[in-house]
Peer 1: 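There's a structure below that I have some questions on.
Heavy atoms only: backbone and side chains are in, while hydrogens, waters and symmetry mates are out.
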Amino acid sequence: MTIGAASDVSRRSRRARVRSNRRGPNLRLWTVPSFAGPAVVLYVGLVFLPLLLAVGYSLTNKNLLASHTGYVGLTNYRELLTDDVFKQSVKVTAIMTGLIVLLPNALGLGIALMLRGESRLYAVLRTIFFVPIVLAGVVVSFIWQAMLTDSGVINSVLAHIGLGALQQGWLDTPNHAIGSIVAVATWQFVGFSAVIYLAALKSIPDELIEAAQVDGCTGVRRFRRITWPLVAPAVTINTVLLFITGFKLFDYVKVITNGGPGGATNNMALNIYSVGFTQNAFGLASAQAVVLFVIVAGLSSVAVFLLRRREVEL
């Protein structure tokens with residue numbers, strides 16, 4: 001190639017780069033809105049605007065059956081401070097949420113440790129444990145509600161295997177009713193937690209495990225020193241998601257107990273529904289929803305901050 005030809009090629013390449021640089025910003029200018037636009041519209045329409053409406057309604061005496069709506073300021077929030085039913089719903093929600101965070105987390109980690117093998121049997125078992133999470137909560141609730149009745153499958157099985165003394169009215173007493181709802185939620189979400197922990201366990205380098213074995217770090221000691229710190233990101237994910245799930249739990253409570261017996265399982269989500277759509281006090285229900293949002297957002301942020309402090313980077 002001659003010097004003239006080489007310089008001509010160089011000039012053409014420079015012109016091509018200039019044209020590319022001219023097109024680049026314009027392409028990026030249109031690419032970002034085209035991809036982010038639908039997500040932003042959905043977020044604004046399904047999250048941000050409903051939240052603003054809830055805050056607005058909470059400052060009024062909105063009634064779904066009345067044509068007139070008046071501004072009442074913070075009256076609804078002050079009423080919540082003396083509402084014994086609301087206070088009880090907060091207590092029930094806290095108990096359920098604590099158990100739902102603890103049990104699926106602990107059982108999910110145990111299942112993940114047992115099913116981290118590579119054989120086909122382990123793959124089948126992992127699928128079996130994960131199946132409940134893809135079922136609709138309402139369907140799961142109806143199935144378990146039928147099983148938990150006095151003449152349901154659980155009591156029948158206990159009678160047939162000679163454990164009739166363990167038969168209970170699983171939905172007849174406050175403790176049993178709360179325990180039954182928590183058990184159903186645990187059954188459905190334990191597989192999801194196990195999958196998250198499995199992903200975290202798979203990310204641990206084999207070299208690190210082998211080095212620990214060479215140094216004599218095995219069993220419980222290896223779990224405490226190596227496995228537990230390295231699955232900290234999975235603990236954060238599961239804890240926050242289960243925490244949010246516990247606070248907004250509605251379908252299980254509505255279908256299985258409908259808040260009974262005697263309001264023992266009436267949590268915040270069900271109480272908001274009852275006040276807003278049964279008592280038609282939509283303004284008061286909106287105030288409860290805002291309080292629920294603040295609690296979930298605040299405690300979730302604190303949990304993320306505290307849990308991420310113990311995460312270890314490989």
Peer 1: Which atoms form the tightest heavy-atom contact between A200 and V231, and what is the distance?
Peer 2: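 For A200 versus V231, the nearest heavy atoms are CB-CG1, 3.9 Å.
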Peer 1: Indicate yes or no: at least one non-hydrogen side-chain atom of S193 is less than 4.5 angstrom from one of L107.
Peer 2: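 They are not in contact (no side-chain heavy atoms under 4.5 Å apart), so the answer is no.
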Peer 1: Would you list the pairs meeting side-chain hydrogen bond (donor to acceptor under 3.5 Å, both in side chains) in which at least one residue belongs to residues 253-269, sequence neighbours left out?
Peer 2: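 Only K254-N258, T257-T265, N266-N271 qualify under side-chain hydrogen bond (donor to acceptor under 3.5 Å, both in side chains).
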Peer 1: Using the rule that two of Ile, Leu, Val, Met, Phe, Trp, Tyr join whenever any of their side-chain heavy atoms come within less than 4.5 Å, decide whether V153 and L158 are in one cluster.
Peer 2: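 Yes: a chain of side-chain contacts under 4.5 Å links V153 to L158.
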Peer 1: Hey, what do you get for OG1 (T60) to NE2 (H68), rounding to the nearest 0.5 Å?
Peer 2: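 Separation between the atoms: 10.0 Å.
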Peer 1: Are L49 and V44 close enough that some pair of their side-chain heavy atoms sits under 4.5 Å apart?
Peer 2: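 In short, these two side chains touch, coming nearer than 4.5 Å.
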Peer 1: Does some side-chain heavy atom of F250 sit less than 4.5 Å from a side-chain heavy atom of I272?
Peer 2: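 Side chain of I272 against side chain of F250, heavy atoms only: no contact under 4.5 Å found.
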Peer 1: Determine, using the 4.5 Å side-chain heavy-atom cutoff (strictly less than), whether V41 and L53 are members of one ILVMFWY cluster.
Peer 2: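 In one cluster: no.
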Peer 1: Under 3.5 Å, side-chain donor or acceptor atoms of residues 170-177 against the rest of the protein: list the pairs with distances, not counting sequence neighbours.
Peer 2:
{"unit_1": "W170", "atom_1": "NE1", "unit_2": "N155", "atom_2": "OD1", "d": "3.0"}
{"unit_1": "T173", "atom_1": "OG1", "unit_2": "H176", "atom_2": "N", "d": "3.4"}
{"unit_1": "T173", "atom_1": "OG1", "unit_2": "H176", "atom_2": "ND1", "d": "2.9"}

Peer 1: Identify, with sequence neighbours excluded, every residue that meets ring-ring contact (aromatic ring centres under 6.0 Å, His included) alongside F223.
Peer 2: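 Listed in chain order: nothing, the list is empty.
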Peer 1: May I have the step-by-step check of side-chain contact (heavy atoms from CB on, under 4.5 Å) for L109 and W228, ending in yes or no?
Peer 2: CA-CA 10 Å; L109 180 57; W228 180 244; 3.7 Å; yes
Peer 1: Testing the basics here: between L135 and Q188, what is the closest heavy-atom pair and its distance to 0.1 Å?
Peer 2: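 Minimum heavy-atom separation between L135 and Q188: O-NE2, 2.8 Å.
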Peer 1: So, for A194 and A112, which heavy atoms are closest and what is the spacing to 0.1 Å?
Peer 2: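 Answer, listing the atom of A194 first, then A112: O-CB, 3.6 Å.
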Peer 1: Answer yes or no: is there a donor N or O on one side and an acceptor on the other, between the side chain of S300 and the main chain of A297, under 3.5 Å?
Peer 2: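 Flag not set: sc S300 to bb A297 has no pair under 3.5 Å.
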Peer 1: Taking only residues at least two apart or on different chains, which pairs with a member in residues 185-219 satisfy ring pair (Phe, Tyr, Trp, His ring centres under 6.0 Å)?
Peer 2: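 Every pair satisfying ring pair (Phe, Tyr, Trp, His ring centres under 6.0 Å) with a residue in residues 185-219: W144-W187.
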Peer 1: Taking atom CZ of F129 and atom CG of L115, what is their separation to the nearest 0.5 Å?
Peer 2: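 F129 CZ to L115 CG: 6.0 Å, rounded to 0.5 Å.
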Peer 1: Evaluate the criterion side-chain contact (heavy atoms from CB on, under 4.5 Å) for residue pair V184 and V140; output intermediate values, then yes/no.
Peer 2: CA-CA 8 Å; V184 174; V140 170; 3.8 Å; yes
Peer 1: Looking only at heavy atoms, which two atoms of P229 and R224 are closest? And how far apart?
Peer 2: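 In terms of heavy atoms, the two residues are closest at CD-O, 3.4 Å.
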Peer 1: Under the side-chain hydrogen bond (donor to acceptor under 3.5 Å, both in side chains) rule, collect the residues that match up with Q145, sequence neighbours excluded.
Peer 2: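 Applying side-chain hydrogen bond (donor to acceptor under 3.5 Å, both in side chains) to Q145 gives none.
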Peer 1: Under a 4.5 Å cut-off applied to non-hydrogen side-chain atoms, are D83 and K87 in contact?
Peer 2: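 No. Closest side-chain heavy atoms not under 4.5 Å.
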Peer 1: Any heavy-atom pair between the side chains of L201 and I204 that's under 4.5 Å?
Peer 2: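 Answer yes - side chains close enough.
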Peer 1: Treating Ile, Leu, Val, Met, Phe, Trp and Tyr as nodes and any side-chain heavy-atom pair under 4.5 angstrom as an edge, say whether L74 and I295 lie in one connected cluster.
Peer 2: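 Yes; tracing contacts between hydrophobic side chains, which count when under 4.5 Å, links both residues.
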Peer 1: Within the structure provided, determine whether N61 and Y71 are in side-chain contact (heavy-atom separation under 4.5 Å).
Peer 2: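 Contact flag for N61/Y71 side chains = no.
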Peer 1: Which pairs, with at least one residue in residues 88-126 and sequence neighbours excluded, count as a ring pair (Phe, Tyr, Trp, His ring centres under 6.0 Å)?
Peer 2: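 Non-adjacent pairs meeting ring pair (Phe, Tyr, Trp, His ring centres under 6.0 Å): zero.
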Peer 1: Is there a path from V85 to F277 through hydrophobic residues (I, L, V, M, F, W, Y) whose side chains come within less than 4.5 Å of each other?
Peer 2: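 No: no chain of side-chain contacts under 4.5 Å links V85 to F277.
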Peer 1: Using residues 92-104 as the side-chain source, report each donor-acceptor pair under 3.5 Å to any protein atom, sequence neighbours left out, with the distance given to one decimal.
Peer 2:
{"unit_1": "T93", "atom_1": "OG1", "unit_2": "S89", "atom_2": "O", "d": "2.7"}
{"unit_1": "T93", "atom_1": "OG1", "unit_2": "M268", "atom_2": "N", "d": "2.8"}
{"unit_1": "T97", "atom_1": "OG1", "unit_2": "T93", "atom_2": "O", "d": "2.7"}
{"unit_1": "T97", "atom_1": "OG1", "unit_2": "G246", "atom_2": "O", "d": "3.4"}
{"unit_1": "T97", "atom_1": "OG1", "unit_2": "F247", "atom_2": "N", "d": "3.4"}

Peer 1: How long is the gap from CD1 on I178 to OG on S180, to the nearest 0.5 Å?
Peer 2: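 The distance works out to 10.0 Å.
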Peer 1: Give the minimum heavy-atom separation between L80 and V291, together with the two atoms involved.
Peer 2: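 For L80 versus V291, the nearest heavy atoms are CD1-CG2, 4.0 Å.
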Peer 1: May I have the step-by-step check of side-chain contact (heavy atoms from CB on, under 4.5 Å) for I111 and L198, ending in yes or no?
Peer 2: CA-CA 9 Å; I111 292 171; L198 274 169; over 6 Å; no
Peer 1: Applying ring pair (Phe, Tyr, Trp, His ring centres under 6.0 Å), which residue pairs with at least one partner in residues 40-60 are found, sequence neighbours left out?
Peer 2: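 Of all non-adjacent pairs touching residues 40-60, those that pass ring pair (Phe, Tyr, Trp, His ring centres under 6.0 Å) are Y57-F282.
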Peer 1: Please collect all side-chain hydrogen bond (donor to acceptor under 3.5 Å, both in side chains) contacts where either partner lies in residues 235-247, sequence neighbours excluded, each pair once.
Peer 2: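 side-chain hydrogen bond (donor to acceptor under 3.5 Å, both in side chains) check on residues 235-247 returns N105-T239, T236-E311.
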Peer 1: Does anything in residues 110-120 pair up under side-chain hydrogen bond (donor to acceptor under 3.5 Å, both in side chains), and if so which pairs, sequence neighbours excluded?
Peer 2: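 Residue pairs passing side-chain hydrogen bond (donor to acceptor under 3.5 Å, both in side chains), neighbours aside: E118-K202.
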Peer 1: How long is the span from the CD1 atom in I154 to the CG atom in L148, to the nearest 0.5 Å?
Peer 2: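 With rounding to 0.5 Å, CD1 (I154) is 4.5 Å from CG (L148).
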Peer 1: Compare all side-chain heavy atoms of L284 with those of Q288 and state whether any distance is below 4.5 angstrom.
Peer 2: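 They are in side-chain contact.
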Peer 1: Which heavy atom of L64 sits nearest to which heavy atom of G276, and what is that distance?
Peer 2: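 For L64 and G276, the tightest heavy-atom pair comes out as CD1-O, 3.7 Å.
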Peer 1: With sequence neighbours left out, what residues match T149 under side-chain hydrogen bond (donor to acceptor under 3.5 Å, both in side chains)?
Peer 2: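 Once residues adjacent in sequence are excluded, T149 has no partner under the side-chain hydrogen bond (donor to acceptor under 3.5 Å, both in side chains) criterion.
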Peer 1: Name all residues meeting the side-chain hydrogen bond (donor to acceptor under 3.5 Å, both in side chains) criterion together with Y77; count only those two or more places apart in sequence or in a different chain, and write none if there are none.
Peer 2: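 For Y77 the side-chain hydrogen bond (donor to acceptor under 3.5 Å, both in side chains) partners, ignoring immediate neighbours, are S58.
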Peer 1: Taking side chain as C-beta onward, heavy atoms only, is L249 less than 4.5 Å from I181?
Peer 2: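 Side-chain contact under 4.5 Å: yes.
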Peer 1: Could you state whether F243 and V294 fall into the same hydrophobic cluster, counting links through intermediate Ile, Leu, Val, Met, Phe, Trp or Tyr residues with side-chain heavy atoms under 4.5 angstrom apart?
Peer 2: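 Result: yes, single cluster for both.
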